[in-house]
Amino acid sequence: MLTALIVPLLMLLLAELALRGARVSFPNELMIPVENGGRPMWEGNPFFAYRFFIPPLARTPSPILTDRDKPEGRVRIVVLGESAAQGDPVPAFGPARMLGAWLQRRYPDRDVEVVNAAVTAVSSPIIRDLAAELKKLEPDVVILYIGNNEVIGPYGPVTRISRLARGDVLQRAAVRLTRLRLAQVASQVMAMMAEMRGAIQFQGVARALHHPVAFDDPRLEPMRRQFARNLRAIVAAARGTGARVLLCTMAANHTDCPPALSVHRPDLSWPDRQVWEQAYERGVAAFRSRNWSAALGHFDAASAKDDAYAELVYRRAVCLQQLGRMEDAEPAFARALDLDAFRYRVDSRLNDAIRTLGASLAGEAVLVDVAEAFRNHGASRDADWFVDHVHFSFEGTYELARLWADALALVPPFRDFPMAADGALSLEDAKTALLFTPVAELGFASALLGRYSQPPFSQQFDVDERVAAYNRRLGALTLQIQSLDVDQLDARFAAHEERNPGDLTAPFLRGQLLLSFNRYGKVAEALGPVIRRQPHRRDLRALLARSLAALGRADEAADMLVGWTRRHGFLAAQAAVGHMNELVQNGQEDEALAYGRAVAARLRASDYRWRIGRAIETLDDVCARRDRALAAMQRGDPAAAAAAWADLMQRRSDWPVAPYWLSVIRSSSGNREEGLALIQRALNQWGYARACYHVGLWEARFGDAGKARDYFQQAARAAGDDQRLANSLAWVLTAHPNPAVRDPALAQERFAPAEPPPPGFAPMDFF
């Protein structure tokens, strides 16, 4: 019997050793050693989450690059947690970087470093394992902001593995098994097999929608005890390095985030259920009419039959809030959160478990009651401080970092540091310090709009109001961006980089800023030196690759993205397909195709090359259909062309070219109203410069020549390094058939020498 076990175990051991020797798969640790300019440093491992998720579902940690030997006098703070701690949806403006701004203001003469070691989608069993790496960093303070993913995250009660790995010992063993190369290879093989059935997309928390967990579910109490044990072990690991520990309760959005999943109490009879539904439906009708008193009466009647339905409790709380009864509304909002059966945020009992643990660890950890502090400011602030269920707005991040900074002032070594007289950081100061411009906010808001289109947020009853509010904000931001002086902003960003060489995020934000204004050449100037110093920075390489691709330099772009190293996992394919989509959305489908082919030619098959192949195949088909549609227009067959463009709109809804040309056909046939709607759809997809150019063309043909000239002037100012657009604008401004549209002086200023193009030149989308 023993021999029968030894042989397979020996074979597994040999296979594991062989995989390690062949350097198959990816490193396990969050911190991996690198040499940077001759300095030994720790770098964040972008493949860390591959241990727990198949590659298409794994989230990437924030950039980390820090000295292996901590310099004398440096105070290092490490933040551990999940997505809320990392700074989702835009970690560049997350709590760790905001805390750095607070501490720089309060202690300007101290060398303080904040390391963002939080990782989206993980949970306390994983963070407990990760805490073993704290000794590498020699932290002075460790901040723990953990708890939102305990039910729906890895090893939570709704996961399959939790049924097999119950209890502390088995759970820890399951986590440690993920360190095996055999486990990683098996996970990747499973992912590849799944890909054959269709591309796997990250669903975020929505994957747990079909697993309701009621407030009194018997699985929750063991989970809370396990959570407390994990936190205790994480605190012990941090204390073992000599660090002080801040243990935080978790803030959640009570008032501006309706429950995602509601369940009735299990003993509700059928007759009572019918009475409940009638009262609830009447209440909802009154709620929609904003008749708060009538709605509250109906909800009270429904509550008499079943007061455990989370959405009922939440709507009732809104009625109380609108009627000014805040002393009754706030506990009702808290109860609605507790009853939400989609447990993607901490409930009151889990926060109580953190408080209890904090009390028992007096002297080892300082409890920062973030949840209580946020609630003390009143329920009306949730809309300002949260963007969804638990993730913070810029204002909420500012408040969280202030709480942390205040707590740090009471513990060594900060307790012994004199605080600057002007140590208060205003919200506007924070925006300046973090380089939070209208361009950055536009990206922030766009990310949230994408989130609201996915479950569970798309299923919340107030989602339309939220989407409308963000669309209004996008419009306002677009107007602000039009008036920005990009050269002045770039100079400010460059000065910030020089003053703050340890700010890993600043070069990325500068590259994003320049890219958004089509300053592709400036992106290379700004990022090239940083990439030479930090060659492993995938985020910066991806930005520069995107810029080079837009310039039509596909081979250089592909080399920048993938040519510097052999193994990429899912990251390079994910970036390349994203870049291709962005180029297509700006009407640069030919550049997208060339770039995709160049990347695919350089990427290993095991690094998800087939994802790029699918994108190329789809775009090839779109371009072939585009050419046939254009040919139909050239031969004077508008009906065939219109049918082709309409078909392409269905096939590629994110592509502005099809609705643009269809608007031309509809407007030419006298249907200007439909043409206007179609051109508006196209303009919402193009980048700003090309949008101005195309609406100028449309106005020149169907509208007002004066407006057309204004739009061409805006396009000329924003064209940047978009050479195809610049050539077309130079032609339009010097040789347009309508003299009221021309502006030769502007063409000379922006595109000198602005000479008429040679015979046969076809300006972009001119008609």
Could I get the full list of side-chain hydrogen bond (donor to acceptor under 3.5 Å, both in side chains) partners for Ser83, not counting sequence neighbours?
His391

Can you see which heavy atom on Ala700 is nearest to which on Val741, and at what distance?
CB-CG2, 4.1 Å

Salt bridge flag under 4.0 Å for residues Arg106 and Asp406:
yes

Could you measure the distance from the CG atom of Leu678 to the CH2 atom of Trp661? Nearest 0.5 Å is fine.
13.5 Å

Run the salt-bridge test on Arg626 and Asp590 with the 4.0 Å N-O cut-off and return the result as yes or no.
yes

Val387 vs Tyr470 side-chain heavy atoms within contact, under 4.5 Å
yes

Identify, with sequence neighbours excluded, every residue that meets salt bridge (charged side-chain N to carboxylate O under 4.0 Å, His left out) alongside Arg538.
none

Check this for me, if you would: do Arg519 and Asp721 make a salt bridge, where the nitrogen-to-carboxylate-oxygen distance has to be below 4.0 angstrom?
no

I'd like to know if the side chain of Asn581 pairs up with that of Arg652 as donor and acceptor (distance under 3.5 Å, no hydrogens or angles considered).
yes

Going by an N to O cut-off under 4.0 Å, is there a salt bridge joining Arg59 and Asp88?
no

Apply the test side-chain contact (heavy atoms from CB on, under 4.5 Å) to residues Val657 and Leu648: give CA-CA distance (whole Å), side-chain angles for both, the deciding distance (0.1 Å), then the verdict.
CA-CA 9 Å; Val657 174; Leu648 279 166; over 6 Å; no

Got a sec, which residues hit side chain to side chain contact (heavy atoms under 4.5 Å, CB included) with Ser426, two or more places apart in sequence or on another chain?
Glu428, Asp429

Kindly write out the residues that satisfy side-chain hydrogen bond (donor to acceptor under 3.5 Å, both in side chains) with Trp645, not counting sequence neighbours, or none if the list is empty.
none

Side chains of Ile143 and Cys248 in contact at under 4.5 Å (non-hydrogen atoms)
yes

For Phe287, what residues pass the ring pair (Phe, Tyr, Trp, His ring centres under 6.0 Å) criterion, not counting sequence neighbours?
Trp292, Phe461

Is the closest side-chain heavy-atom distance between Asn148 and His389 below 4.5 Å?
no

Note, Glu699 side chain near His694 side chain (heavy atom, < 4.5 Å):
no

From Tyr398 atom OH to Leu99 atom CG, the distance as rounded to the nearest 0.5 Å
13.0 Å

Between Cys257 and Asp388, is there a side-chain heavy-atom distance shorter than 4.5 Å?
no

Assess whether ring-ring contact (aromatic ring centres under 6.0 Å, His included) is satisfied between Tyr660 and Trp698, documenting all intermediate values.
CA-CA 9 Å; Tyr660 168 74; Trp698 196 91; 9.5 Å; no

Hey, could you give me each pair passing salt bridge (charged side-chain N to carboxylate O under 4.0 Å, His left out) that has a residue in residues 576-585? Not counting sequence neighbours.
Arg546-Glu582

Would Gln585 and Trp686 count as having a side-chain donor-acceptor pair, cut-off 3.5 Å?
no

Phe394: which residues meet the ring pair (Phe, Tyr, Trp, His ring centres under 6.0 Å) condition with it, sequence neighbours left out?
Phe436

Leu509 CG to Leu489 CG distance, which is reported to the nearest 0.5 Å:
11.5 Å

Which heavy atom of Asp382 sits nearest a heavy atom of Ala252, and at what distance?
OD2-O, 4.2 Å

Under a 3.5 Å threshold, yes or no: a donor from one side chain and an acceptor from the other, between Arg375 and His254?
yes

Which heavy atom of Ala576 sits nearest a heavy atom of Ile612, and at what distance?
CB-CD1, 3.9 Å

Check side-chain hydrogen bond (donor to acceptor under 3.5 Å, both in side chains) between Arg681 and all other residues, then give those that pass, not counting sequence neighbours.
none

Taking the side chain as everything from C-beta on, heavy atoms only, tell me whether Asn253 gets closer than 4.5 Å to Trp385.
no

Can you tell me how far apart OG (Ser547) and CE (Met560) are? Round to the nearest 0.5 Å.
10.0 Å

Could you walk me through whether Glu441 and Arg473 pass the salt bridge (charged side-chain N to carboxylate O under 4.0 Å, His left out) test, one step at a time?
CA-CA 9 Å; Glu441 188 180 352; Arg473 184 58 185 156; 2.9 Å; yes

Taking atom types as modelled, is there a side-chain donor on Gln104 or Asn500 under 3.5 Å from an acceptor on the other?
yes

Side-chain touch Val439/Phe517, heavy atoms, less than 4.5 angstrom
yes

CG-OH distance between Leu551 and Tyr595, expressed to the nearest 0.5 angstrom:
12.5 Å

Atom CD of Gln86 and atom OG of Ser62: how far apart are they, to the nearest 0.5 Å?
4.0 Å

Evaluate the side-chain contact (heavy atoms from CB on, under 4.5 Å) criterion for residues His579 and Glu591: first the C-alpha distance (whole Å), next the side-chain angles of each, then the deciding distance (0.1 Å), finally the verdict.
CA-CA 10 Å; His579 296 161; Glu591 289 90 340; over 6 Å; no

With heavy-atom distances below 4.5 Å as the criterion, would you say the side chains of Glu395 and Leu427 are in contact?
yes

Test ring pair (Phe, Tyr, Trp, His ring centres under 6.0 Å) applied to Trp404 - qualifying residues, sequence neighbours left out
none

Ring pair (Phe, Tyr, Trp, His ring centres under 6.0 Å) filter on Phe386, not counting sequence neighbours, yields Phe374, Phe392

Which residues pass the side-chain hydrogen bond (donor to acceptor under 3.5 Å, both in side chains) test with Gln680, sequence neighbours left out?
Asn684

Extract all donor-acceptor atom pairs below 3.5 Å that involve side chains of residues 707-717 and protein atoms in other chains or at least two apart in sequence.
{"unit_1": "Arg709", "atom_1": "NH1", "unit_2": "Arg742", "atom_2": "O", "d": "3.3"}
{"unit_1": "Gln713", "atom_1": "NE2", "unit_2": "Asp743", "atom_2": "OD2", "d": "3.1"}
{"unit_1": "Gln714", "atom_1": "OE1", "unit_2": "Tyr688", "atom_2": "OH", "d": "2.7"}

Checking ring-ring contact (aromatic ring centres under 6.0 Å, His included) for the pair Tyr314/Phe333: CA distance, chi angles, key distance, verdict?
CA-CA 6 Å; Tyr314 179 85; Phe333 278 122; 5.5 Å; yes

